[in-house]
Amino acid sequence: MYNQLFDRRGLSFERLRALVEVADAGGIAKAVGDDPVRQSQYSRQLKELDQFFGTELTCRKGRSLTLTPAGKRLAAVVRASFASLCDIRSDLANAPMEVSIGAGEALLHWILADVAGMLRESWPRLIITLANRQTTAVVDGLTEHSLDFGLIRSNAVPKTLQSKIVGHLDYRLFVPVSLMPKMDTKDPARLLTMVPLATLEGAGDYTQRLEEVARRMRTPLNIALSCTTLPQVCRAVRSGAYVGVLPTLAGSELPADRFTACDLPVLKALRRPLALCWHPRLFGIREHSERLADALADAIAKRVR
């Protein structure tokens, strides 16, 4: 079954590693630096892989080197195989298990950093890498086996991945007491239009849902500050100069004596189910990953409860 892999020259761990490193870096020079000898070596190794598989695995787009569809398929298999081999070696040497989890900045900040600590008792030798990724990049990372797990909203999980709902992310309007207007806090329109609002820039899921809230209220939001991440919005709210629509979990950083958390009915539009997801092949290629997935799901569910 495997004989055809050994009936010609051109395939080796070193060549496959070069493919993955160049793919991850976006080019040979970015992967190896300014060393002309290693640049020449990697270029030769990629050409040898092209010859071995009988097709081009890389192509140039401007000044970057990207993978062709065949190259992406091969790189995904290589990453998975390397991870499995590392697991076997670690198990035999009684070494720690390494795992990577991708998610957005807010989920890393308010959920996964705490979850990592919760897992230490039952998984003391686990080494976790928390990767800050946008939702599409998390899906790509799981597909390409550069990530082991991802935490994203459930409606963004493609059919090619497996997932488990682990809870919901709810939102509140956090208002510094010093900015709290003398009015009924159940009036969301007046709160969101009369106080300076810190929010996210761009046109992501959060922004679109918040704009939908404004359309339902038939009144514009009083946006005074646009940030890159929700933790930045939280810092702006802590300054006392802005209000912000934040995950309920952000309340741990906004003490009740200084900030009011308003549970506004219109903000239910931002509520979203969260899913822990992984590649269908993960459990087959990485030992202990199925048990770890259950532990992760349980810990995340406890954190967002």
Side-chain angles (χ1 to χ4, degrees), residues 103-115 132 134-135 138 150-157 165-177 179-181 183-256 258-276 300-305:
E105 176 67 21
L107 300 182
L108 294 177
H109 184 83
W110 283 303
I111 298 177
L112 289 174
D114 288 314
V115 165
N132 186 358
Q134 293 184 348
T135 299
V138 171
L151 183 62
I152 59 178
R153 62 184 188 276
S154 62
N155 64 356
V157 180
I165 301 295
V166 290
H168 293 77
L169 199 63
D170 294 307
Y171 288 81
R172 300 286 186 272
L173 176 67
F174 287 89
V175 184
V177 172
L179 291 182
M180 180 65 72
M183 63 179 69
D184 187 350
T185 58
K186 293 181 181 180
D187 183 352
R190 297 187 69 188
L191 279 174
L192 289 171
T193 59
M194 295 186 64
V195 289
L197 177 68
T199 186
L200 291 181
E201 63 175 353
D205 181 71
Y206 168 93
T207 302
Q208 292 177 18
R209 289 172 182 249
L210 201 57
E211 290 174 348
E212 176 61 25
V213 168
R215 283 192 291 271
R216 290 183 182 182
M217 296 188 305
R218 298 181 180 179
T219 184
L221 302 174
N222 185 21
I223 298 175
L225 178 67
S226 295
C227 301
T228 305
T229 68
L230 285 177
Q232 290 177 4
V233 173
C234 185
R235 292 291 297 183
V237 173
R238 287 186 63 183
S239 74
Y242 303 93
V243 304
V245 176
L246 294 165
T248 304
L249 293 171
S252 61
E253 300 180 30
L254 301 167
R258 294 176 50 210
F259 302 91
T260 299
C262 303
D263 185 8
L264 306 179
V266 292
L267 296 184
K268 293 188 183 300
L270 275 73
R271 190 173 194 261
R272 52 179 181 167
L274 297 177
L276 180 70
I300 293 170
K302 290 178 181 177
R303 177 64 184 134
V304 299
R305 185 173 300 162

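Interatomic distance, T207 OG1 to I223 CD1, rounded to the nearest 0.5 Å: 8.0 Å. The distance from atom CG of L151 to atom OG1 of T135, rounded to the nearest 0.5 Å, is 9.5 Å. To the nearest 0.5 Å, atom CZ of residue R235 and atom CZ of residue R238 are 5.0 Å apart. Here CZ of F259 is found 12.5 Å from CG of L173. Values are rounded to the nearest 0.5 Å. Atoms CG and CG, on L200 and L210 in that order, are 8.5 Å from each other to the nearest 0.5 Å. Atom CD1 of residue I165 and atom CD1 of residue I300 lie 11.5 Å apart, to the nearest 0.5 angstrom.
When every heavy atom of V233 is checked against every heavy atom of G244, the shortest pair comes out as CG1-CA, 4.2 Å. Across all non-hydrogen atoms, the minimal contact from L225 to A236 is CD2-CB, 3.5 Å. In terms of heavy-atom proximity, L267 sits nearest to R172 at CD1-C, 3.8 Å. Listed here is the closest heavy atom pair of A224 and Y242: CB-CE2, 3.8 Å. Shown here for A103 and V138, the closest heavy-atom pair between the two residues is N-CG2, 3.8 Å. Here the closest non-hydrogen pair linking L221 and A214 is CG-CB, 3.8 Å.
Salt-bridge formation is not detected for the pair E212/R209: no Lys NZ or Arg NE/NH1/NH2 atom is positioned less than 4.0 Å from an Asp or Glu carboxylate oxygen.
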Go through it in stages, so that I can follow the logic: the residues are V245 and T199, the test is side chain to side chain contact (heavy atoms under 4.5 Å, CB included), and I'd like the CA-CA distance, side-chain angles, deciding distance and then a yes or no. CA-CA 7 Å; V245 176; T199 186; over 6 Å; no
The test is side chain to side chain contact (heavy atoms under 4.5 Å, CB included); show your working for L169 and L107 and say whether it passes. CA-CA 9 Å; L169 199 63; L107 300 182; 3.9 Å; yes
TODO: Begin from the C-alpha positions of H168 and V304 and carry the test side chain to side chain contact (heavy atoms under 4.5 Å, CB included) through to its verdict.
DONE: CA-CA 7 Å; H168 293 77; V304 299; over 6 Å; no
| message | Quick one, L249 with D114, criterion side chain to side chain contact (heavy atoms under 4.5 Å, CB included). Give me CA distance, side-chain angles, the key distance, then yes/no. | response | CA-CA 11 Å; L249 293 171; D114 288 314; over 6 Å; no
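A distance-only check finds a donor-acceptor pair linking the side chain of R303 to the backbone of W110 [under 3.5 Å].
Counting non-hydrogen atoms of other residues, nucleotides and ligands closer than 6.0 Å to CD of Q134 gives a total of 12 or fewer. Around atom CZ of R272, more than 12 heavy atoms belonging to other residues, nucleotides or ligands sit under 6.0 Å away.
Looking at V243 and P196, their side chains never come closer than 4.5 Å, going by heavy atoms from C-beta outward.
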